[in-house]
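What follows is a single structure, written as structure tokens, with notes after it.
First the proteins, then the strands, lettered A, B, ... as listed; each starts at 1.
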There are 2 protein chains.
Amino acid sequence: MSLVLNKTETPSVPPETRTRILKVAQELGYQPNHPARMLRSARTMTFACVIPDITNPFYPGLVRGLQTVAAPAGYDVLIFDTDGRPDGEVRAIDWLLQGRADGVVATFFHLRVPQLAVLARKGIPLVRLESQHKPDGPLAIDSVYIDNAEAAAEMTRFLIARGHRRIAMIQAEFGPSQRRAQGYGAVMREAGLSPDFITDSAYSEESGARAMRRLLERKGDRPTAVFGASDVLALGAMEAARSAGLSIPNDIAIAGFDDIPVAKLLGLTTVRQPEFDLGALAAETLVKRLQAGGLEAPGRSHELKFEIMKRSSV
Amino acid sequence: MSLVLNKTETPSVPPETRTRILKVAQELGYQPNHPARMLRSARTMTFACVIPDITNPFYPGLVRGLQTVAAPAGYDVLIFDTDGRPDGEVRAIDWLLQGRADGVVATFFHLRVPQLAVLARKGIPLVRLESQHKPDGPLAIDSVYIDNAEAAAEMTRFLIARGHRRIAMIQAEFGPSQRRAQGYGAVMREAGLSPDFITDSAYSEESGARAMRRLLERKGDRPTAVFGASDVLALGAMEAARSAGLSIPNDIAIAGFDDIPVAKLLGLTTVRQPEFDLGALAAETLVKRLQAGGLEAPGRSHELKFEIMKRSSV
DNA sequence: CTGAAAGCGCTTACAG
DNA sequence: CTGAAAGCGCTTACAG
């Protein structure tokens with residue numbers, strides 16, 4: 001019976017038996033119990049998506065990309081928010097070790113491969129959202145990324161080409177902000193300019209606004225352009241600048257990173273990260289890993305292309 | 001052993017045995033298998049969140065509110081996107097009937113109580129995100145809502161008080177847009193003005209922009225104010241208006257509904273729905289329902305307060 | 001106080 | 001071709 005219900009083809013069952021079973025199941029409104037299936041088949045048919053915060057507008061698009069590939073392959077998506085904190089990330093790993101998902105797509109700001117290897121050892125493939133290329137590894141840990149350093153470098157070149165000399169970057173303490181800062185710093189130095197970093201804690205509007213206020217309090221060498229290490233930071237900076245009576249881009253130019261959906265509406269010049277495609281690619285990678293023998297392949301790093309979106313804020 | 005691992009107090013187990021068990025569990029890095037627990041205890045410790053689309057900025061805040069209450073109570077959150085379509089909603093129900101969640105928070109645009117009653121019959125409590133008060137019912141189906149008709153009425157009164165006479169509303173085909181349209185329509189008629197509805201399909205920027213373009217193509221009686229039945233619709237309308245070279249609010253005023261996070265940044269006048277609190281309240285309701293005897297109580301409707309956010313777009 | 005045993009609802013290999 | 005049986009890893013009631 002199980003056979004008929006689960007497979008579309010059943011050579012060993014005569015058609016009439018097959019239709020009879022299907023009919024009865026239909027009449028009873030039979031739905032197989034998912035927990036029992038999970039236990040018996042040792043497959044949860046679930047992907048976990050471990051991210052800092054679903055309310056950061058970068059992530060819903062990623063989740064959607066994931067779902068779009070996962071659903072047709074029969075996988076559900078569980079969301080786990082870490083708040084970008086070490087304890088949140090550790091809790092995510094413990095939780096995954098309880099066998100809640102067959103595969104994981106994750107953004108870790110703090111944990112490194114040694115701490116993540118437990119998953120691979122348990123046969124749970126992981127796709128990390130990274131900010132740079134990673135060398136192939138022996139474990140079932142893959143990554144998807146855009147070249148964050150090069151993208152930030154290109155944006156910095158654009159700001160310089162627009163005549164800016166005093167360009168500040170608003171950073172966050174952890175996460176992809178670091179690679180972005182490297183790209184920015186390298187280009188600034190090459191051009192004979194001094195990098196000007198200001199770090200507030202998180203990827204939040206409040207952090208961006210706070211950092212901008214500190215920049216504006218400076219006497220004399222105020223920057224003429226501010227590069228937010230993420231769009232959310234840049235939006236906070238825009239708000240703070242406007243509250244201070246400055247006009248964008250006349251008094252101060254602002255650039256961001258991510259191209260979240262509202263960036264377009266606000267005219268924010270930014271780096272486009274294809275979040276939907278990153279999610280979809282991550283899901284495809286997991287689906288392949290979970291096919292027979294898929295766990296043997298070495299861990300790969302997949303690059304997608306970024307794009308500089310030139311809008312009115314610069 | 002199970003006893004020790006699961007409870008914080010174990011009167012029948014001597015302390016030394018208890019610590020010994022805990023120590024060994026620690027050393028082995030033992031993590032209980034979640035699917036097996038689910039099956040044995042007939043509890044998934046999961047809440048499902050069934051929504052049209054996680055990329056609509058209204059929903060991440062709702063999800064966060066849900067998680068914030070669910071996590072400390074031991075529940076995970078699964079996201080299911082229906083795309084606001086009837087087949088998506090039907091698939092959500094079938095999926096829930098496989099025993100994937102202990103409780104559900106959902107927005108249904110199409111299904112009504114008769115179709116949802118299967119859940120209650122299976123002992124799965126449901127909290128609906130509604131647009132109006134619902135009478136108490138015998139089933140374990142609760143709801144949380146703000147008074148959408150009254151909120152839209154109040155916004156319409158505000159637009160009239162600002163001197164607008166030709167006020168159009170951009171609607172979506174299904175969902176809460178209907179109650180909002182009622183509130184708007186009633187106030188317009190009371191004031192001796194004619195309601196002016198324009199309906200495009202979905203709650204998307206594209207729909208909002210398309211509707212706005214149709215309004216702008218009109219000869220003569222163009223509206224001086226446009227009320228989007230949701231913020232996403234209003235944002236699309238703003239974009240279309242700007243593309244047409246109009247200035248907001250001088251040439252045309254725009255109002256929305258929801259107060260998604262970007263509304264503030266864009267200066268959009270809108271109705272604030274406390275999405276985080278709605279999610280948190282829904283989760284609390286489910287947690288209570290899942291305590292002993294909780295399923296017996298009649299289905300209740302919980303109201304939260306809206307607020308008119310007056311910003312620069314009007 | 002503690003160890004062995006039953007059973008949750010499936011899937012899958014096996015006997016008839 | 002089809003029905004009965006084992007077993008996934010737990011929890012919980014029960015015997016010793």
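- Counting all heavy atoms, side chain and backbone alike, B:Leu139 lies closest to B:Ala117 at CD1-CB, 3.7 Å.
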Which protein N or O atoms sit under 3.5 Å from an N or O of nucleotides 3-7 of chain C?
residue	atom	partner	partner atom	Å
C:dG7	N2	B:Arg40	NH1	3.1
C:dG7	N3	B:Arg40	NH1	3.4

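- Partners of A:Phe109 by ring pair (Phe, Tyr, Trp, His ring centres under 6.0 Å), not counting sequence neighbours, listed by chain and number: A:Tyr203.
- Residues that satisfy the ring pair (Phe, Tyr, Trp, His ring centres under 6.0 Å) test with A:Phe47, not counting sequence neighbours, are A:Tyr75.
- With sequence neighbours excluded, the residues forming a ring pair (Phe, Tyr, Trp, His ring centres under 6.0 Å) with B:Phe80 are B:Trp95, listed by chain and number.
- Summarising the geometry, the separation between CZ on A:Arg37 and C1' on C:dT12 is reported as 13 Å, rounded to the nearest angstrom.
- Across the protein-nucleic acid pair, B:Met45 atom CE and D:dC10 atom C1' stand 15 Å apart, rounded to whole Å.
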Using atom names, set out every protein N or O paired with an N or O of nucleotides 14-16 of chain C below 3.5 Å, distance rounded to 0.1 Å.
none

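- Within the structure, the salt bridge (Lys or Arg N to Asp or Glu O under 4.0 Å) test picks out the following pairs touching residues 24-44 of chain A (sequence neighbours left out): A:Lys23-A:Glu27.
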Exercise answer: donor-acceptor pairs, residues 67-74 of chain B side-chain atoms, under 3.5 Å, sequence neighbours excluded:
residue	atom	partner	partner atom	Å
B:Gln67	OE1	B:Arg64	NE	3.3
B:Thr68	OG1	B:Arg64	O	2.7

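- The nearest whole Å value for the distance from the CG atom in B:Leu39 to the P atom in D:dT11 is 11 Å.
- B:Leu97 has its CG atom 12 Å from the P atom of C:dC10, to the nearest Å.
- Across the protein-nucleic acid pair, B:Asp102 atom CG and C:dC8 atom P stand 18 Å apart, rounded to whole Å.
- In this view, B:Phe174 and B:His110 satisfy the ring pair (Phe, Tyr, Trp, His ring centres under 6.0 Å) rule, not counting sequence neighbours.
- Looking at DNA chain D, the stems built from 3 or more consecutive Watson-Crick or G-U wobble pairs, each pair with its key distances under 3.5 Å, are C:1-3 with D:14-16, C:5-12 with D:5-12, C:14-16 with D:1-3.
- Residue pairs meeting the salt bridge (Lys or Arg N to Asp or Glu O under 4.0 Å) criterion with at least one partner in residues 100-118 of chain A, sequence neighbours excluded, are A:Arg100-B:Asp76.
- When the side chain to side chain contact (heavy atoms under 4.5 Å, CB included) test is applied to B:Arg179, the partners found at least two apart in sequence or on another chain are B:Ser131, B:Gln132, B:Asn148, B:Ala149, B:Gln182.
- Residue A:Arg43 contributes atom CZ, which lies 11 Å from atom P of C:dT12 at whole-angstrom precision.
- If you measure from atom CG of A:Asn33 to atom P of D:dC8, you get 18 Å, rounded to the nearest angstrom.
- The nearest whole Å value for the distance from the CD1 atom in A:Ile21 to the P atom in D:dT2 is 8 Å.
- Between the side chain of A:Lys122 and the backbone N or O of A:Leu97, at least one donor-acceptor pair lies under 3.5 Å.
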Which pairs of donor and acceptor atoms, one on a side chain in residues 283-291 of chain A, lie under 3.5 Å apart (sequence neighbours left out)?
residue	atom	partner	partner atom	Å
A:Thr285	OG1	A:Leu281	O	2.7
A:Arg289	NE	A:Asp142	OD2	2.8
A:Arg289	NH1	A:Gly294	O	3.0
A:Arg289	NH1	A:Ala297	O	2.8
A:Arg289	NH2	A:Asp142	OD1	3.0
A:Arg289	NH2	A:Asp142	OD2	3.3
A:Arg289	NH2	A:Ala297	O	3.3
A:Arg289	NH2	A:Pro298	O	3.0

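- Comparing atom distances between the B:Tyr30 side chain and each of C:dC10, D:dC10, C:dC8 picks out D:dC10 as nearest.
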